[in-house]
Each structure stands twice: as C-alpha cells, then as structure tokens.
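Below is one structure, written out as structure tokens; the observations come after it.
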Amino acid sequence: QVQLVESGGGSVQPGDSLRLSCTASALPFSRYSMGWFRQAPGKEREFVAAINWRGDVTRYDDSVKGRFTIARVNAKNTVSLQMNSLKPEDTAVYYCAADKDLSVGVRSDEYDYWGQGSQVTVSS
C-alpha cells in the first residue's frame, strides 16, 4: 500500500523558516513527479511547488517563489520543502502528493497519491 508521510510542520513566527519532509513507501519513487499543496481553513487546496522525477525541473506558485525550495533525494524516497521568510498567509495544512506522469503538474487532480498533511502555523 502506497504511503506518503509528511513531517516537519509546526508553529513559527513571521520571518522564520521550516522544512517539511515527505517519505514515500511502496512506490517507484524515482518514476513519480512530486508536489506540495496546501489548504488553509475555509479555502480550496492550492498548489505550492512541484518537482519532476529527476529533480531538474521545478515549478512554484508565485506566492512562494523565491522563499520556498522543493528538492528530492530519490535514493531515500524523500521530497522536501524548505520554507523561508514565512508569512501568516502561509498558514495551512501542507500535503505531499505523487504524480505518475512525467510532467510537473499544478492541479491537484493530476496527482495519484496524497499524504495525510502537516500543519504549518505562522503567527506572532
């Protein structure tokens, strides 16, 4: 059974950094594109960042470009999201997702597997 498990969430102050990690199991990880999405209370789930299977193509939502970095280590079946200069509007549950297509998708319906989510709260 495929599992995606996120870790690294928490509560921080504006301007701080956090690093989310997602570890996949029972999945040919190196053949999947990976993405991060987030959902704030009362809002739709939205795209944050994605990376292709080789790790040489990335995409970011404009709201996080220059502050967040997505990376992967295929040998460890992990994908990470380094989040710097966090803002209160970054507060959300963050989800890791896997897409078996080679493209780097930005729509949630392109992804085949999802993690359970990790809460990130940015507040002073």
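Note that these values count all heavy atoms, side chains included, but never hydrogens, waters or copies made by symmetry. What you are looking at is a predicted structure, and each value in this text was computed from that prediction instead of being measured.
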Just jot down the side-chain hydrogen bond (donor to acceptor under 3.5 Å, both in side chains) partners of [X], sequence neighbours excluded, or say none.
{"X": "Ser80", "value": "Arg19"}
{"X": "Lys65", "value": "Asp62"}
{"X": "Gln13", "value": "none"}

Atom pair [atom1] ([X]) and [atom2] ([Y]), whose distance is rounded to the nearest 0.5 Å:
{"X": "Cys22", "Y": "Arg72", "atom1": "SG", "atom2": "CZ", "result": "10.0 Å"}
{"X": "Ser21", "Y": "Gln82", "atom1": "OG", "atom2": "CD", "result": "9.0 Å"}
{"X": "Leu86", "Y": "Ser11", "atom1": "CG", "atom2": "OG", "result": "11.5 Å"}
{"X": "Met83", "Y": "Thr69", "atom1": "CE", "atom2": "OG1", "result": "11.0 Å"}
{"X": "Phe68", "Y": "Asp61", "atom1": "CZ", "atom2": "CG", "result": "10.0 Å"}
{"X": "Glu46", "Y": "Ser108", "atom1": "CD", "atom2": "OG", "result": "11.0 Å"}

Side chains of [X] and [Y]: does their closest heavy-atom pair fall under 4.5 Å?
{"X": "Arg59", "Y": "Val106", "answer": "yes"}
{"X": "Val79", "Y": "Ile70", "answer": "yes"}
{"X": "Asp90", "Y": "Arg38", "answer": "yes"}
{"X": "Arg45", "Y": "Trp114", "answer": "yes"}

Report yes or no: does [X] contribute a side-chain atom to a donor-acceptor pair with the main-chain N or O of [Y] at less than 3.5 Å?
{"X": "Asn74", "Y": "Phe29", "answer": "no"}
{"X": "Asn52", "Y": "Val57", "answer": "yes"}
{"X": "Glu6", "Y": "Cys96", "answer": "yes"}
{"X": "Gln39", "Y": "Ala92", "answer": "no"}
{"X": "Tyr60", "Y": "Arg67", "answer": "no"}
{"X": "Thr91", "Y": "Val122", "answer": "yes"}

Checking side-chain polar atoms at under 3.5 Å, does Asp101 have a donor or acceptor matched by the opposite partner on Ser103?
no

Would [X] and [Y] show up in the same hydrophobic cluster when neighbours are defined by side-chain heavy atoms closer than 4.5 Å?
{"X": "Tyr94", "Y": "Leu18", "answer": "yes"}
{"X": "Ile51", "Y": "Leu4", "answer": "yes"}
{"X": "Phe37", "Y": "Leu81", "answer": "no"}
{"X": "Val12", "Y": "Val48", "answer": "yes"}

Taking every non-hydrogen atom, the tightest pair across [X] and [Y]:
{"X": "Ala50", "Y": "Tyr111", "value": "CB-OH, 3.4 Å"}
{"X": "Ser7", "Y": "Ser118", "value": "C-OG, 4.4 Å"}
{"X": "Phe47", "Y": "Gly105", "value": "CE1-O, 3.5 Å"}
{"X": "Ser85", "Y": "Ser17", "value": "N-OG, 4.3 Å"}
{"X": "Val2", "Y": "Ala26", "value": "CG2-O, 3.1 Å"}

More than 12 heavy atoms of other groups within 6.0 Å of Glu89 CD
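Above 12, so yes.
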
Classify the angle between the aromatic ring planes of Tyr32 and Tyr113 as parallel (below 30°), tilted (30 to 60°) or perpendicular (above 60°).
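Because their plane-to-plane angle lies in the 30° to 60° range, the rings of Tyr32 and Tyr113 count as tilted.
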
